[in-house]
Number of protein chains: 2
Amino acid sequence: MKPKPTDAELEILNILWQDEPKTVREVHDLLKAKAVGYTTILKQLQVMKEKGLVKRDESKRSHSYYSLISQEQAQITMLDHILDKVFNGSKSALFMRALSAKPSSKEELAEIKALLENMELG
Amino acid sequence: MKPKPTDAELEILNILWQDEPKTVREVHDLLKAKAVGYTTILKQLQVMKEKGLVKRDESKRSHSYYSLISQEQAQITMLDHILDKVFNGSKSALFMRALSAKPSSKEELAEIKALLENMELG
DNA sequence: ATTAAACTACGATGACAATCGTTGACAAAC
DNA sequence: GTTTGTCAACGATTGTCATCGTAGTTTAAT
């Protein structure tokens with residue numbers, strides 16, 4: 001099983017998920033709002049490679065990085081984690097919080113309702 | 001704003017939320033399955049006090065600890081966090097994952113549906 | 001009062017996360 | 001072909017998390 005990515009790792013993964021592959025420089029440019037050094041990104045990608053979260057294409061001059069964990073996997077991993085840690089495994093409690101925390105848009109409510117309809121057919 | 005509790009801190013908070021206040025020894029006894037030392041729990045509670053996650057009643061011989069963050073707050077904090085980090089702020093994406101990840105029981109589906117009904121009235 | 005038990009405080013450690021600077025290799029430009 | 005700039009590797013640093021051992025303090029029992 002893939003490890004749970006750290007917050008900084010997730011920021012990088014989000015960039016990769018959006019458009020792969022990317023070089024260190026490209027990731028760094030996209031994260032420049034964070035004002036973090038080039039070598040920091042490089043190191044983070046190296047660590048992530050160690051963990052099996054990304055792979056590297058070294059055929060070119062600038063190495064390119066691909067994610068090895070999908071956004072779906074990461075989402076499920078994160079959800080399972082907080083479900084276990086703060087919601088005592090109660091999915092409905094999680095839904096309640098998600099629904100009441102910040103008001104959802106009508107569109108979102110409609111989407112969610114549609115999901116539920118499909119669910120009940122199964 | 002309260003900081004996001006760490007995993008170990010959440011284990012302790014879960015115990016406090018269930019029944020407050022508790023002494024170090026009481027928390028330790030309840031966590032003995034984890035085989036962690038008494039002083040570890042003590043230290044953790046001290047750190048949590050520094051962070052403002054708990055408060056301490058020192059009037060008695062054995063100090064008693066109270067949570068200063070509610071389970072609700074913690075749940076919302078955690079949800080907001082992963083919503084931001086892995087779901088790009090899309091609540092419906094979160095719902096989709098939560099619904100499809102592990103099968104929900106019929107009871108849970110019913111509960112969630114009821115929540116939605118109430119929601120739409122507002 | 002003296003001691004034994006229970007409890008807290010403090011410091012230390014090892015692991016991991018996040019950050020950066022320096023060095024050395026390579027390639028492009030002159 | 002020498003210089004200049006770009007890039008990855010590596011090591012070092014700082015901070016946080018999780019854990020524990022020791023020392024000191026307070027209560028209670030003798």
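The chains referred to below are lettered A, B, ... by the order of the sequence lines, with proteins before strands, and numbering in each begins at 1.
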Step by step, would you call B:Thr77 with A:Val86 a side chain to side chain contact (heavy atoms under 4.5 Å, CB included)?
-> CA-CA 10 Å; B:Thr77 298; A:Val86 248; over 6 Å; no
Expressed in angstrom and rounded to an integer, what is the separation of [X] atom [atom1] from [N] atom [atom2]?
X       : N      : atom1 : atom2 : result
A:Glu11 : C:dT19 : CD    : P     : 8 Å
A:Asp7  : D:dC17 : CG    : P     : 12 Å
A:Ile12 : C:dA17 : CD1   : P     : 13 Å
B:Tyr38 : D:dT22 : OH    : P     : 17 Å
B:Lys51 : D:dG15 : NZ    : C1'   : 12 Å
B:Leu10 : D:dC17 : CG    : C1'   : 13 Å
B:Ile41 : C:dA6  : CD1   : C1'   : 17 Å
B:Met48 : D:dT19 : CE    : P     : 13 Å

For C:dC20, take OP1 and OP2 only and decide whether either is under 4.0 Å from a side-chain N or O of A:Thr40.
->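 Yes, A:Thr40 has a side-chain N/O under 4.0 Å of OP1/OP2 on C:dC20.
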Using a cut-off of strictly less than 4.0 Å, decide whether A:Gln44 has a side-chain nitrogen or oxygen near OP1 or OP2 of C:dA17.
-> no
Would you indicate what A:Lys60 reaches in the nucleic acid, counting non-hydrogen atoms under 4.0 angstrom: base, sugar-phosphate, or nothing?
-> nothing
Checking all strands, does A:Lys49 fall into the base, sugar-phosphate, or nothing category for heavy-atom contacts under 4.0 angstrom?
-> nothing
Taking protein heavy atoms under 4.0 Å as touching, what does nucleotides 25-30 of chain C look like 5' to 3' if B marks base contact, S marks sugar-phosphate-only contact and - marks none?
-> -BS---
In residues 39-48 of chain B, what donor-acceptor pairs under 3.5 Å come from side-chain atoms, sequence neighbours left out?
none

So which of residues 13-34 of chain B are in contact with DNA chain C, with a heavy-atom cut-off of under 4.0 Å?
-> B:Val24, B:Arg25
For the side chain of [X], starting at C-beta, report the closest nucleotide among [options].
X       : options               : answer
A:Ala8  : D:dA8, C:dA18, D:dA18 : C:dA18
A:Thr6  : D:dT19, D:dA8, C:dA17 : C:dA17
A:Val36 : D:dC7, C:dT19, C:dA18 : C:dT19

If we only count heavy atoms from C-beta on, is the B:Phe87 to A:Leu79 side-chain gap below 4.5 Å?
-> yes
Just wondering, do B:Glu20 and B:Ser67 contact through their side chains at under 4.5 Å, heavy atoms?
-> yes
May I have all residue pairs that pass salt bridge (Lys or Arg N to Asp or Glu O under 4.0 Å) and include part of residues 26-36 of chain A, sequence neighbours excluded?
-> A:Glu11-A:Lys34
Other residues, nucleotides, ligands: >12 heavy atoms within 6.0 Å of A:Lys55 NZ |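 Open.
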A:Gln73 atom CD, over 12 foreign heavy atoms within 6.0 Å = yes
Ion pair B:Lys60/B:Asp57, N-O distance below 4.0 Å =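 Not counted as a salt bridge, because no side-chain N and carboxylate O are separated by less than 4.0 Å.
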Is a donor on one side and an acceptor on the other found under 3.5 Å between the side chain of [X] and the backbone of [Y]?
X       : Y       : answer
B:Trp17 : B:Ile12 : no
A:Asp84 : A:Asp80 : no
B:Asp7  : A:Lys85 : no

Let me see the working for B:Lys22 and B:Tyr65 under side chain to side chain contact (heavy atoms under 4.5 Å, CB included), right down to the final yes or no.
-> CA-CA 5 Å; B:Lys22 288 235 181 303; B:Tyr65 289 86; 5.9 Å; no
Could you run down the sub-3.5 Å N/O contacts of the protein with nucleotides 9-13 of chain D?
unit_1, atom_1, unit_2, atom_2, d
D:dA9, OP1, A:Arg56, NH2, 3.2
D:dA9, OP2, A:Gln46, NE2, 3.1
D:dA9, OP2, A:Arg56, NH1, 2.9

Same cluster (ILVMFWY, side-chain, under 4.5 Å), A:Leu68 and A:Leu13 = no
Is it true that A:Tyr38 and A:Val54 fall in one hydrophobic cluster, defined by side-chain heavy atoms closer than 4.5 Å?
->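 Yes, same cluster.
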At what angle, to 10 degrees, do the two end axes of the helix from C:dA1-D:dT30 to C:dC30-D:dG1 meet, given five pairs define each axis?
-> 20°
Partner of B:Leu53 under side chain to side chain contact (heavy atoms under 4.5 Å, CB included), picked from B:Glu50, B:Lys49, B:Lys51, is B:Lys51
